[in-house]
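Worksheet: one structure, shown below.
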Amino acid sequence: MKAGTIHTALRSLPVAPLSAVAPGTVLILAPHADDESLGCGGLIAACCAAGRPPVVVIVTDGAASPPNSPTWPADRLRQQRQAEAIRAVECLGLSRQRIGFMGLPDAAAPHSGPVFGHAVSQLARLVATHGCTTVLAPWRADPHCDHEAAWKMGVALQEHCAIALLAYPVWGWLIPADRELDHDMPVGMRLDISPYRAHKARAIAMHESQYGHLITDDPTAFSLPEDLLAALSSDFEVFVRP
């Protein structure tokens with residue numbers, strides 16, 4: 001199926017209330033610090049306003065970019081990315097006690113094996129501790145290895161804990177429209193986040209290391225593309241059933 005057809009279908013999914021998308025406490029798996037705000041910022045704000053704050057887990061340490069900055073070595077970048085994520089979720093109404101960092105290697109999160117299994121066990125303990133009823137993971141069609149790893153963790157967690165699983169697209173919005181995807185017509189729902197759109201924008205802006213202005217001594221440093229920000233600046237967030 002063409003990616004453009006899938007994009008159109010995603011944008012046309014039925015609008016559902018928060019109680020249908022997140023009935024209870026949600027565990028959000030974000031591959032990197034910023035994915036929580038890009039893909040689920042409105043939902044996080046809505047859950048907090050409803051008195052049901054989610055649990056956010058940042059899977060990787062975010063230290064892979066920039067690879068050649070003399071002033072931003074990996075340790076400093078890890079600390080910066082964590083601080084940005086904490087400030088971002090606080091913009092959405094979530095306390096820093098509700099966000100955790102797994103610290104897996106950026107651009108090399110495991111897809112299987114002992115480290116993967118240990119990560120799923122850690123997540124299962126969080127589910128039990130917080131009474132989570134739904135896990136949100138990146139859409140399996142997102143074209144990034146860490147997003148795929150986090151999706152697989154969500155699937156394993158669903159099987160291990162018997163909780164609901166929904167996926168949120170991030171980089172999947174930028175797949176060229178004419179590309180063929182091994183994907184069925186998506187089924188799921190959209191959440192109206194218009195009351196929280198400004199909160200989401202402020203949260204995304206907190207990830208200043210992702211905009212190319214903070215780290216200026218490495219020309220290969222990552223910067224969030226404008227077309228991705230535009231795709232995610234909407235009154236709706238999309239959640240897909242597996």
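Reckoned from all heavy atoms, side chains included, excluding hydrogens, waters and symmetry mates.
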* To do: Could you tell me how the ring of His32 sits relative to the ring of His144: parallel (under 30°), tilted (30 to 60°) or perpendicular (over 60°)?
  => perpendicular
* Give the ring-plane orientation class for Tyr211 versus His213, where under 30° counts as parallel, over 60° as perpendicular and anything between as tilted. => parallel
* For Val240 and Pro186, work out which heavy atoms get closest and say how close. => CG1-CB, 4.2 Å
* **Separation of Arg81 CZ from Arg76 CZ (nearest 0.5 Å)** => 14.0 Å
* Asked: Side chain of Asp218, backbone of Asn68: donor and acceptor closer than 3.5 Å?
  -> yes
* **Heavy-atom side-chain contact between Ile193 and Lys200 under 4.5 Å** => yes
* To do: Test Trp173 against Asp227 for side-chain contact (heavy atoms from CB on, under 4.5 Å), laying out the working first.
  => CA-CA 9 Å; Trp173 291 114; Asp227 49 354; over 6 Å; no
* Just how far is it from atom CG of Leu174 to atom CG of Leu228, taken to the nearest 0.5 Å? -> 5.0 Å
* Residue pair Glu90, Arg96: steps toward the salt bridge (charged side-chain N to carboxylate O under 4.0 Å, His left out) verdict -> CA-CA 7 Å; Glu90 287 179 338; Arg96 64 181 61 200; 3.1 Å; yes
* How about Asp142 and Ile175: do any of their side-chain heavy atoms sit closer than 4.5 Å? -> no
* When rounded to the nearest 0.5 angstrom, what is the spacing between CG in Asp35 and CG in Leu29? -> 11.0 Å
* **Side chain Lys152, main chain Ser112, donor-acceptor under 3.5 Å** => no
* Asp235 CG to Ser194 OG distance, which is reported to the nearest 0.5 Å -> 5.0 Å
* Rounded to the nearest 0.5 Å, what separation is found between the CD atom of Glu36 and the CD1 atom of Ile58? -> 4.5 Å
* **Side-chain touch Cys48/Tyr196, heavy atoms, less than 4.5 angstrom** => no
* Does a donor on one side chain and an acceptor on the other come within less than 3.5 Å for Glu84 and Ser209? -> yes
* Asked: How would you list all residue pairs meeting side chain to side chain donor-acceptor pair (under 3.5 Å) that involve residues 40-64, not counting sequence neighbours?
  -> Asp61-Arg78
* Hydrophobic cluster membership, Ile28 vs Ile204, 4.5 Å side-chain cutoff -> yes
* To do: Kindly determine whether His130 and Leu27 satisfy side-chain contact (heavy atoms from CB on, under 4.5 Å), including the steps that lead there.
  => CA-CA 9 Å; His130 295 282; Leu27 173 64; over 6 Å; no
* Asked: Can you hop from Met189 to Phe236 via hydrophobic side chains spaced under 4.5 Å?
  -> no
* **Co-membership, hydrophobic cluster, residues Tyr168 and Val21, 4.5 Å side-chain** => yes
* Would you kindly confirm whether Val155 and Leu104 end up in one hydrophobic cluster when ILVMFWY residues are joined by side chain heavy atoms under 4.5 Å apart? => yes
* Heavy-atom pair of closest approach, residues Cys132 and Val55 -> SG-CG2, 4.4 Å
* Asked: Is the backbone N or O of Leu123 less than 3.5 Å from a side-chain atom of His160, with the two atoms forming a donor-acceptor pair by type?
  -> no
* To do: Scan side-chain atoms only and decide if Asp34 and His207 contain a donor-acceptor pair under the 3.5 Å cut-off.
  => no
* Asked: Which heavy atom of Thr133 sits nearest a heavy atom of Ile163, and at what distance?
  -> O-CB, 3.6 Å
* Does a side-chain N-to-carboxylate-O contact under 4.0 Å join Glu180 and Lys2? -> yes
* Do Leu10 and Met1 share a hydrophobic cluster (ILVMFWY, side-chain heavy atoms under 4.5 Å, transitive)? -> yes
* Take Val135 and Val26 through the test side-chain contact (heavy atoms from CB on, under 4.5 Å) and record every step on the way to the result. => CA-CA 6 Å; Val135 56; Val26 173; over 6 Å; no
* Note, Cys47 side chain near Pro53 side chain (heavy atom, < 4.5 Å) -> no
* Val170/Leu232 under side-chain contact (heavy atoms from CB on, under 4.5 Å): CA gap, chis, key distance, verdict -> CA-CA 8 Å; Val170 178; Leu232 294 167; 4.2 Å; yes
* Structure fact -> On a heavy-atom basis, the closest approach of Ala3 and Pro176 is CB-O, 3.2 Å
* Hey, could you give me the CG/CD1 distance between Leu92 and Ile99, rounded to the nearest 0.5 Å? => 10.0 Å
* Ion pair Glu148/Arg140, N-O distance below 4.0 Å -> no
* Side chains of Ile86 and Phe101 in contact at under 4.5 Å (non-hydrogen atoms) -> yes
* To do: For the pair Thr134 (side chain) and Leu165 (backbone), establish whether a donor and an acceptor sit closer than 3.5 Å, ignoring hydrogens and angles.
  => no
* Asked: Quick one: are the ring centres of His183 and Trp139 less than 6.0 Å apart?
  -> yes
* Asked: How close do Phe239 and Cys40 get, heavy atom to heavy atom, and via which atoms?
  -> CE2-SG, 4.1 Å
* Mark yes or no for whether Arg190, through its side chain, and Glu237, through its backbone, hold a donor-acceptor pair below 3.5 Å. => no
* Should the pair Glu208-Arg87 be classified as a salt bridge under the 4.0 Å nitrogen-to-oxygen rule? -> yes
* Indicate the atoms forming the closest heavy-atom contact of Arg197 with Ser234, along with that distance. => CD-O, 3.9 Å
* Ignoring hydrogens and angles, tell me if any N or O in the side chain of Gln210 forms a donor-acceptor pair with the backbone of Ser223 under 3.5 Å. => no
